[in-house]
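Treat the numbers as computed from the prediction; the structure is a model and nothing was measured. Along the sequence shown, the residues carry numbers beginning at 1.
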Amino acid sequence: MAMPKKDIKHQIEKTLHTVADVAQQQYKKNLSKAHKTVDKQVDVVRDRLEELDSWAVESVNEALENVEQKLEKQVTKTVGRIQKAAQKVAKSALDKLQ
């Protein structure tokens with residue numbers, strides 16, 4: 001015996017609502033998973049950026065230390081030369097006075 005059209009229509013509507021509910025639940029589940037995945041990826045990127053930032057700071061500090069050491073050497077050499085020149089001039093002036 002065939003179902004009346006009203007019963008068929010009601011069954012189809014019920015099935016469509018069920019499918020829509022399941023689809024919405026699946027969408028929410030997938031959206032939640034996607035958010036968790038993105039959050040994890042953001043955490044990984046943030047950690048890598050922090051590592052890179054730390055490495056960059058260390059590299060800059062090392063470079064600055066090297067520059068500072070070179071400048072100290074140059075200053076020491078220059079001061080030594082100036083002292084030698086001053087001593088020569090002072091000795092020469094003393095020799096001329098005697």
From [atom1] ([X]) to [atom2] ([Y]), nearest 0.5 Å:
X     : Y     : atom1 : atom2 : result
Lys6  : Gln11 : NZ    : CD    : 15.0 Å
Lys14 : Thr18 : NZ    : OG1   : 7.0 Å
Leu64 : Leu71 : CG    : CG    : 10.5 Å
Leu94 : Gln87 : CG    : CD    : 11.5 Å

*asked:* Is there a side chain to side chain contact (heavy atoms under 4.5 Å, CB included) between Lys5 and Lys9? Walk through the geometry before answering.
replied: CA-CA 6 Å; Lys5 285 185 178 182; Lys9 182 180 175 186; over 6 Å; no
*Quick one: are Thr76 and Lys73 in side-chain contact, heavy atoms under 4.5 Å?*
no
*asked:* Other members of the hydrophobic cluster containing Val89, with the 4.5 Å side-chain heavy-atom rule, please.
replied: none
*Mind checking who shares a hydrophobic cluster with Val38, ILVMFWY linked at side-chain heavy-atom distances under 4.5 Å?*
Val42
*Applying side-chain hydrogen bond (donor to acceptor under 3.5 Å, both in side chains), name anything that partners Asn66, two or more places apart in sequence or on another chain.*
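With sequence neighbours excluded, Asn66 shows a side-chain hydrogen bond (donor to acceptor under 3.5 Å, both in side chains) to no residue whatsoever.
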_Sequence-distant partners of Asp39, side-chain hydrogen bond (donor to acceptor under 3.5 Å, both in side chains), two or more places apart_ = none
*Please list all pairs passing the salt bridge (Lys or Arg N to Asp or Glu O under 4.0 Å) test where one or both residues lie in residues 41-50, with sequence neighbours left out.*
Asp43-Arg46
*How would you list, by chain and number, every residue that makes a side-chain contact (heavy atoms from CB on, under 4.5 Å) with Val57, sequence neighbours excluded?*
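Testing Val57 for side-chain contact (heavy atoms from CB on, under 4.5 Å), a comparison that skips the adjacent residues, returns Asp53, Asn61.
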*Are Val44 and Leu52 connected, step by step, through hydrophobic side chains (Ile, Leu, Val, Met, Phe, Trp, Tyr) whose heavy atoms are closer than 4.5 Å?*
no
*Check: Lys28 main-chain N/O paired with Ser32 side-chain donor or acceptor under 3.5 Å*: no
